Novice: 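After the structure tokens below, expect a handful of questions from me.
Side chains included, hydrogens not; waters and symmetry mates left out as well; all remaining heavy atoms used. Throughout, residue positions are numbered sequentially from 1 according to the sequence presented. Since the model is a prediction, treat every value here as computed from it, not as a measurement.
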Amino acid sequence: MGCAGSSQSKPDGTAKKIRKPKPWKHPQPITKTQLIQLRDEFWDTAPHYGGRKEIWDALRAAAEADLTLAQAIVDSAGVIVQSSDLTVCYDERGAKYEIPKYVLSEPTNLIRDS
């Protein structure tokens, strides 16, 4: 039994609340410029992993927005959030969308560009 406020799978069908990903560490320290390049490469190739382009576009907009706006974006796009940090989502047709943590937040070992 969970607490009344817990947000596992809710039987009433309400969407999971989006939250920031937990802190994580990249295998090697990287700069902000390198992180942006990794993110751009992911978004450029993401539609080739399957799923619909408009869902990928909505997920990108959500990933780059604050939490309140991100929640509104995924709700309006009909995205089913499996992991509340947005790392695993589905569309209404059941296609799976996986987003790496480096797209959603900065690593703890980020090197600030000077």
Novice: Is there a chain of hydrophobic side chains (I, L, V, M, F, W, Y, each step under 4.5 Å between heavy atoms) that links V74 to L104?
Specialist: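 Yes; tracing contacts between hydrophobic side chains, which count when under 4.5 Å, links both residues.
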
Novice: Name the residue from R112, K25, R39, K20 that meets the salt bridge (Lys or Arg N to Asp or Glu O under 4.0 Å) definition with E106.
Specialist: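 By the salt bridge (Lys or Arg N to Asp or Glu O under 4.0 Å) criterion, E106 pairs with just one of R112, K25, R39, K20: R112.
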
Novice: Does any N or O in the side chain of E41 come within less than 3.5 Å of the main-chain N or O of L38, such that one atom is a donor and the other an acceptor?
Specialist: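 Not confirmed, E41 side chain does not pair with L38 backbone.
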
Novice: In the structure I gave you, are the side-chain heavy atoms of I18 and L86 within less than 4.5 Å of one another anywhere?
Specialist: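 Yes; the side chains approach each other to less than 4.5 Å.
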
Novice: Decide yes or no for L110 and I30: does some side-chain heavy atom of the first lie under 4.5 Å from some side-chain heavy atom of the second?
Specialist: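 The answer is yes; the side chains approach within 4.5 Å.
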
Novice: Considering non-hydrogen atoms only, spot the tightest contact between L59 and W43 and give its length.
Specialist: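 Heavy atoms of L59 and W43 come nearest at C-CH2, 3.8 Å.
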
Novice: Locate the shortest heavy-atom distance separating K101 from K22; write the atom from each residue and the value.
Specialist: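 Answer, listing the atom of K101 first, then K22: CE-O, 4.5 Å.
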
Novice: Do L69 and D66 touch side chain to side chain, with heavy atoms closer than 4.5 Å?
Specialist: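 Counting from C-beta outward, L69 and D66 do come under 4.5 Å.
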
Novice: I'd like to know if the side chain of K16 and the backbone of S83 have a donor-acceptor N/O pair within less than 3.5 Å.
Specialist: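 No, because the side chain of K16 does not come within donor-acceptor range (under 3.5 Å) of the backbone of S83.
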
Novice: Measure across A70 and A62 and return the closest heavy-atom pair with its distance rounded to 0.1 Å.
Specialist: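 What the structure gives for the nearest pair is CB-O, 3.3 Å.
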
Novice: Without swapping roles, check the side chain of W56 against the backbone of H48 for a donor-acceptor pair under 3.5 Å.
Specialist: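 Such a contact is absent between W56 side chain and H48 backbone.
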
Novice: Restricting to non-hydrogen atoms, name the atom on Y97 and the atom on G51 that form the minimum distance, rounded to 0.1 Å.
Specialist: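 In this case the closest contact between Y97 and G51 is OH-CA, 3.2 Å.
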
Novice: If only atom types and distance count, is the side chain of N109 paired as donor or acceptor with the main-chain N or O of H26 below 3.5 Å?
Specialist: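 Yes, N109 side chain to H26 backbone: donor-acceptor pair under 3.5 Å.
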
Novice: Which atom pair, heavy atoms only, marks the closest approach of I111 to P29?
Specialist: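 Scanning both residues, the minimum pair turns out to be CD1-CB, 3.6 Å.
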
Novice: Go through the side-chain N and O atoms of S105 and W24 and say whether any donor and acceptor fall under 3.5 Å apart.
Specialist: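 The answer is yes; a qualifying pair exists.
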
Novice: With salt bridge (charged side-chain N to carboxylate O under 4.0 Å, His left out) as the criterion, how do D91 and K96 come out once you've worked through the C-alpha distance, each side chain's angles and the decisive distance to 0.1 Å?
Specialist: CA-CA 7 Å; D91 65 21; K96 186 176 186 179; over 6 Å; no

Novice: Does R52 pair with D57 as a salt bridge, N-O distance under 4.0 Å?
Specialist: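 Between D57 and R52 there is no salt bridge, as every charged N stays at least 4.0 Å from the carboxylate O atoms.
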
